[in-house]
Amino acid sequence: MRIVMIGTGYVGLVSGACFSDFGHEVVCVDKDAGKIDRLLKGEMPIYEPGLDTLVARNVEAGRLSFTLSLEEAMPGADAVFIAVGTPSRRGDGHADLSYVYAAAEEVAKLIGDYVVVVTKSTVPVGTGAEVEKIIREARPDLVPGDNFSVASNPEFLREGAAISDFKRPDRVVVGAEDEKARDVMRELYRPLFINETPILFTGRTTSELTKYAANAFLATKITFINEIADICEKVGADVQQVAKGIGLDGRIGKKFLHAGPGYGGSCFPKDTLALARTAQSVGAPTRIVEAVVEINDARKRSMAARIADAAGGSLKGKTVAVLGLTFKPNTDDMRDSPALDIVPALQKMGATVKAHDPEGMHEAKKHLPDLTYCSGPYEALEGADAAVLVTEWDAYRALDMDRVSKLMASPVLVDLRNVYTPQIMREAGFTYRSIGRS
Ligand SMILES: NC(=O)c1ccc[n+]([C@@H]2O[C@H](COP(=O)([O-])OP(=O)(O)OC[C@H]3O[C@@H](n4cnc5c(N)ncnc54)[C@H](O)[C@@H]3O)[C@@H](O)[C@H]2O)c1
């Protein structure tokens with residue numbers, strides 16, 4: 001099959017490369033000349049483990065290519081995926097669909113033979129119908145279902161594990177309104193039949209809502225355990241044991257029960273907000289998701305006070321070492337990372353911040369210009385009055401605590417990811433605070 005992937009970001013580039021690895025012929029298109037330029041040179045515009053080798057292998061095999069020109073890419077395509085950004089619309093929290101609609105308009109002009117236009121971006125209910133309308137208005141000569149179809153195929157991959165998630169997903173969801181589109185989508189995902197991956201065919205609207213419901217549920221699970229962690233701190237219980245105790249119940253499941261500083265990233269914050277807005281606008285408000293959004297925002301904002309408290313109350317004139325800036329390990333993505341709330345709040349309290357992140361510092365510098373970036377964790381910790389572990393990168397999991405204690409001006413560690421053991425840290429002479437563990 002021939003595939004065009006519009007958008008070579010975290011989703012488009014991974015999806016395009018994986019589809020080509022399945023044996024399809026994929027052309028990835030982006031408007032960002034810098035990204036295409038780097039890809040043509042064999043450089044990755046994002047950090048995702050394993051992506052460079054996957055891309056190189058498929059470019060070499062002649063199945064994967066990159067271009068700025070949709071016009072060049074479109075002829076002969078069986079499917080055109082729209083994998084552009086859908087950020088929060090400034091002001092109201094609805095998803096900003098301008099990139100999706102702009103891509104649909106560009107596609108419309110270039111449709112020749114039958115093609116399925118697939119929204120892979122996370123889009124609110126009704127977007128597929130709107131994309132179809134845009135194409136019909138731009139091209140009255142085309143008949144939906146005959147000359148083109150519009151399908152929904154939301155993506156569930158996680159950054160940091162994106163390739164295995166794409167190639168071995170728990171399920172694939174396809175929303176389509178006609179058999180012709182379903183046939184193309186079935187053929188595209190045929191390589192997954194070997195693993196018996198469930199492929200769920202639904203209507204377009206159901207598929208669109210499924211993606212938001214999945215993200216809202218996961219964000220709710222995280223928020224739930226974060227609130228349980230707060231109770232644990234008050235009563236002297238251990239949130240990790242509570243999480244284990246409930247997670248072993250098959251009805252609950254053990255994933256997404258890690259208490260921390262609040263969820264961030266490019267999806268949960270904007271998608272929970274967008275779902276809440278959609279729900280309000282259709283007259284079926286979801287109070288649970290609204291509460292999750294509010295609780296999570298407040299939690300991220302409250303972390304700096306926790307750090308100040310561990311450091312003796314005031315951060316004026318003190319130096320804080322921040323370990324980890326990205327919203328989770330194994331990505332360079334800084335979008336809505338808790339660090340974006342924590343670092344400015346620490347600075348506002350009078351602290352000087354030194355930070356390290358294995359892959360995120362280039363991206364972080366765009367958002368947090370006024371801090372000292374260090375080449376490693378020990379450099380960040382040197383002379384610090386307090387340290388905070390924000391992202392649980394492997395590089396921070398086995399720090400030499402003797403060395404850390406000698407390097408720091410005072411051994412205070414706030415571990416927002418519960419990487420270390422309270423008793424061991426206390427025995428090592430640290431003032432140690434974690435989440436939901438006394
Ligand atoms: N990042 C994730 O982990 C993840 C997971 C699942 C779903 N999603 C969803 O996938 C979508 C894309 O997310 P992302 O993180 O890959 O975004 P991104 O910002 O990394 O990438 C989007 C890309 O689209 C390009 N683009 C925009 N308009 C274009 C156009 N008209 N023609 C060509 N290129 C265009 C941009 O230049 C950019 O490179 C979003 O809706 C997101 O919610 C993301």
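All values derive from a computational prediction rather than experimental measurement. Atoms within each ligand, like the ligands themselves, are counted from 1 in listed order.
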#### Entry: Sub-4.0 Å heavy-atom environment of ligand 1, residues by chain
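If the criterion is a heavy atom under 4.0 Å, then ligand 1 touches I6, G7, G9, Y10, V11, V29, D30, K31, D32, K35, A83, V84, G85, T86, E106, S121, T122, E155, L157, E159, K211, S266, C267, K270, R335.
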
### Aromatic F327 / basic R335 pairing, under 6.0 angstrom, 45° off normal
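Judged by the rule, R335 and F327 form no cation-pi pair.
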
### Name of the residue among R299, M303, K300 meeting side-chain contact (heavy atoms from CB on, under 4.5 Å) with P261
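Among R299, M303, K300, the one meeting side-chain contact (heavy atoms from CB on, under 4.5 Å) with P261 is M303.
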
### Message
Show, in sequence, the C-alpha distance, side-chain angles and deciding distance for F217 and F256, and conclude whether the ring pair (Phe, Tyr, Trp, His ring centres under 6.0 Å) test is met.
### Response
CA-CA 10 Å; F217 189 84; F256 282 78; 9.7 Å; no

### Message
Could you check whether R182 pairs with E177 (Lys NZ or Arg NE/NH1/NH2 to Asp/Glu carboxylate O, under 4.0 Å)?
### Response
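Answer for the salt bridge query: no.
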
#### Entry: For the student: nearest non-hydrogen atoms of Y189 and N153, plus distance
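Residues Y189 and N153, closest heavy atoms: OH-OD1, 2.6 Å.
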
### Message
Go through it in stages, so that I can follow the logic: the residues are R57 and D21, the test is salt bridge (Lys or Arg N to Asp or Glu O under 4.0 Å), and I'd like the CA-CA distance, side-chain angles, deciding distance and then a yes or no.
### Response
CA-CA 8 Å; R57 179 165 77 230; D21 214 42; 2.8 Å; yes

